[in-house]
There are 2 protein chains.
Amino acid sequence: MSECSNNKKTLMFPKPTLERLKLYLALLLQEEKEYISSDEIAKKLKITPEQVRKDISYLNFVGKPKVGYHIPSLLNELNELFGVDVTDNVIVVGAGGLGTAIAKYKGFKRIGIDIVAIFDNDEDKIGTFVSELVVLPLSELQRVIKRFKVKIAALCVPKESAQEAADLLVKSGIKAIWNFAPAILHVPPGILVENEDITRGILSIKHMLEKNK
Amino acid sequence: MSECSNNKKTLMFPKPTLERLKLYLALLLQEEKEYISSDEIAKKLKITPEQVRKDISYLNFVGKPKVGYHIPSLLNELNELFGVDVTDNVIVVGAGGLGTAIAKYKGFKRIGIDIVAIFDNDEDKIGTFVSELVVLPLSELQRVIKRFKVKIAALCVPKESAQEAADLLVKSGIKAIWNFAPAILHVPPGILVENEDITRGILSIKHMLEKNK
DNA sequence: TAGATTGTTAATCGATTAACAATC
DNA sequence: TAGATTGTTAATCGATTAACAATC
């Protein structure tokens with residue numbers, strides 16, 4: 001495991017570990033107790049307790065033998081790791097079904113995400129409300145990004161216009177694109193793209209159902 | 001790699017391979033050419049051509065040296081693997097923002113998913129339209145599941161009612177739950193749960209932005 | 001034929017698991 | 001103290017990569 005020398009005492013995590021740490025974060029947000037054991041985490045997430053302990057050992061964090069992990073402290077650690085303790089202003093591009101669903105979703109505040117604007121280029125949508133946000137034209141994009149120091153955009157346009165919208169976002173200073181369009185985006189180096197292809201989950205289900213027939 | 005003896009000549013795939021095969025499927029659905037090389041697939045998905053060839057070699061499929069893979073044939077193979085060639089009737093439970101977005105999404109037909117009904121227990125929503133579907137009360141659940149031989153349900157209710165809804169779905173004969181609620185569901189053995197936690201993607205982005213600062 | 005690309009085997013790398021020591 | 005749980009090291013397992021053979 002390679003170490004990432006950094007001003008903080010940050011370590012690099014194996015990728016699977018990082019994925020599981022997200023699951024631990026989601027799980028702990030649901031817990032109301034003060035302590036939790038590796039065994040309990042493991043049971044709920046259907047993995048082994050050894051793996052849980054190993055994963056947590058990558059964090060700058062120790063548990064109490066005979067008691068388990070102190071949930072608030074572990075949450076602090078995970079929050080810091082994923083930057084949940086810093087709030088990012090996020091914009092949504094595309095006010096269709098998915099875009100409005102994301103703009104309305106209440107669960108983001110808890111993980112340090114604040115949706116500050118939603119955009120569309122459909123005249124009929126511009127000016128209408130999505131929760132307490134007014135749908136803005138794309139001509140406002142650059143101004144809003146600057147004004148709210150927006151680094152992240154959720155891209156929720158049809159796949160035909162995804163690349164064009166991505167280019168515009170990059171030109172306007174966006175650093176990361178959370179891409180809900182089923183399209184492969186080409187972006188300059190240094191720009192982060194996270195593909196959120198909703199069809200992947202259902203493909204797993206179909207594959208499993210098919211296989212176990 | 002262990003072999004899965006089956007009436008068909010199906011093989012077991014390494015889990016990471018299976019995930020990448022989904023990406024290949026999504027990519028090929030966008031291509032309009034007749035052939036594609038491992039090199040081109042690799043470039044677009046930012047992996048190595050060796051890995052692409054290795055992954056494809058797990059399929060019952062060969063490419064043409066000097067030419068590449070015949071896209072329609074490879075698509076057939078991937079469609080069969082993921083059961084895309086068989087259409088499944090799917091119901092959506094919860095007619096909030098996410099539920100209606102999923103019910104309206106046009107991209108599912110292409111992967112063998114047909115949304116046949118949407119349910120909610122909010123009196124104000126029952127009877128209203130979501131695209132061409134009428135929102136039905138949960139009391140209709142069992143009847144619809146039987147009638148349309150529904151095996152898969154997309155669970156889009158708030159996390160507080162997720163477990164209750166899941167219990168009802170299981171009781172009504174559902175075989176797989178595509179869970180969009182940020183909750184850990186407890187289901188009997190044999191019932192498949194696929195968690196589609198939308199917050200995971202954004203956590204990756206936050207983590208990367210934080211780390212590269 | 002030469003060259004480009006696929007296919008496969010062996011070597012390497014990295015992640016998981018097992019065993020057990022440390023600790024409260 | 002005994003027992004339960006965490007933490008860590010070493011062994012195992014599995015996936016990726018490298019090298020090269022096969023093929024058109």
Side-chain angles (χ1 to χ4, degrees), chain A residues 1-4 9 11-24 27-28 31 33-78 81 204, chain B residues 1-4 9 11-24 27-28 31 33-78 81 204:
Chain A
M1 224 50 51
S2 60
E3 207 159 320
C4 163
K9 52 188 175 282
L11 296 167
M12 285 283 275
F13 302 86
K15 237 192 265 155
T17 291
L18 202 64
E19 287 306 307
R20 284 190 299 268
L21 288 171
K22 288 189 216 169
L23 300 179
Y24 305 162
L27 171 63
L28 295 183
E31 289 295 329
K33 291 178 306 186
E34 203 181 347
Y35 285 90
I36 192 168
S37 67
S38 56
D39 226 75
E40 193 175 343
I41 296 175
K43 280 221 178 64
K44 296 211 169 147
L45 299 178
K46 301 203 169 102
I47 52 180
T48 67
E50 293 81 1
Q51 186 141 66
V52 173
R53 294 203 295 274
K54 182 95 205 201
D55 287 339
I56 290 175
S57 77
Y58 287 109
L59 293 166
N60 179 25
F61 188 79
V62 290
K64 279 193 191 164
K66 232 186 135 167
V67 180
Y69 300 96
H70 186 239
I71 293 181
S73 312
L74 183 48
L75 266 175
N76 276 346
E77 204 63 39
L78 290 168
L81 172 65
S204 291
Chain B
M1 224 51 50
S2 59
E3 207 161 321
C4 165
K9 49 189 176 279
L11 295 166
M12 285 283 276
F13 303 86
K15 240 192 264 153
T17 292
L18 203 63
E19 288 306 308
R20 283 189 300 268
L21 287 172
K22 287 189 216 169
L23 300 179
Y24 305 161
L27 171 63
L28 295 183
E31 290 295 331
K33 291 178 304 186
E34 202 181 347
Y35 285 90
I36 193 167
S37 67
S38 57
D39 226 74
E40 192 175 344
I41 296 176
K43 281 220 178 64
K44 296 213 168 146
L45 299 178
K46 301 202 170 104
I47 53 182
T48 67
E50 293 82 0
Q51 185 141 68
V52 173
R53 294 203 294 276
K54 182 95 205 199
D55 287 339
I56 291 176
S57 77
Y58 287 109
L59 294 165
N60 179 24
F61 189 79
V62 290
K64 278 194 192 165
K66 232 186 136 167
V67 181
Y69 299 97
H70 186 240
I71 294 181
S73 311
L74 183 48
L75 267 174
N76 276 345
E77 205 62 40
L78 290 167
L81 172 66
S204 291

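This is a predicted model, so every value here is computed, not measured. Residue numbers begin at 1 in each chain, while the letters A, B, ... track the order of the sequences.
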**OP:** Sequence neighbours left out, what passes side-chain contact (heavy atoms from CB on, under 4.5 Å) with N76(A)? Give chain and number order.
**Re:** none
Subject >> Shortest non-hydrogen separation from P65(B) to G63(B) and the atoms involved >> reply: CD-O, 3.6 Å
Subject >> Distance, rounded to the nearest Å, where E40(B) contributes CD and dA4(C) contributes C1' >> reply: 15 Å
**OP:** Looking only at side-chain atoms of S37(A), point me to the closest of dG7(D), dA10(D), dT5(D).
**Re:** dT5(D)
Subject >> K66(B) side-chain proximity, nearest of dA2(C), dT17(C), dA15(C) >> reply: dA2(C)
**OP:** Respond yes when some side-chain nitrogen or oxygen of R20(A) is under 4.0 Å from OP1 or OP2 of dT16(C), and no when none is.
**Re:** yes
Subject >> Y58(A) vs dA15(C): side-chain N/O to OP1/OP2 distance below 4.0 Å >> reply: no
**OP:** Fill in the dot-bracket string of DNA chain C, one character per base: . for unpaired, | for a pair to another strand, ( ) or [ ] for pairs within the strand, taking Watson-Crick or G-U pairs under 3.5 Å.
**Re:** ..||||||||||||||||||||||
Original post:
Rounded to whole angstrom units, what separation is found between the NE2 atom of H70(A) and the P atom of dT5(D)?
Top reply: 18 Å
Subject >> Phosphate contact (dT6(D) OP1 or OP2) by S38(A) side-chain N/O below 4.0 Å >> reply: yes
Subject >> Electrostatic pair E19(A)-K22(A), nearest N-O below 4.0 angstrom >> reply: yes
Subject >> Considering all heavy atoms, the nearest K44(A)-L27(A) contact >> reply: CD-CD1, 3.9 Å
**OP:** Can you tell me the distance, in whole Å, between the CD1 atom of I56(B) and the P atom of dT8(C)?
**Re:** 12 Å
**OP:** For K64(B), report the nucleic acid contact type (base, sugar-phosphate, nothing); a contact means any heavy atom under 4.0 Å.
**Re:** sugar-phosphate
Original post:
Separation of R53(A) atom CZ from dT5(D) atom P, in whole Å?
Top reply: 10 Å
**OP:** Taking all non-hydrogen atoms of both residues into account, name the closest pair between H70(B) and F61(B) and its distance.
**Re:** O-CZ, 3.9 Å
Original post:
Y69(A) has a side chain; which of dT17(C), dT23(D), dT6(D) sits nearest to it?
Top reply: dT6(D)
**OP:** Might you point out which heavy atoms bring D55(A) and L21(A) nearest each other, and give the distance in Å?
**Re:** O-CD2, 4.2 Å
**OP:** Would you kindly give the CE-to-C1' distance between M12(B) and dA15(D), to the nearest whole Å?
**Re:** 15 Å
**OP:** Check the distance between dT6(D)'s C1' and I41(A)'s CD1 and give it to me in whole angstrom.
**Re:** 12 Å
Original post:
Do the rings of Y58(B) and F13(B) sit parallel, tilted or perpendicular, given the 30° and 60° boundaries?
Top reply: perpendicular
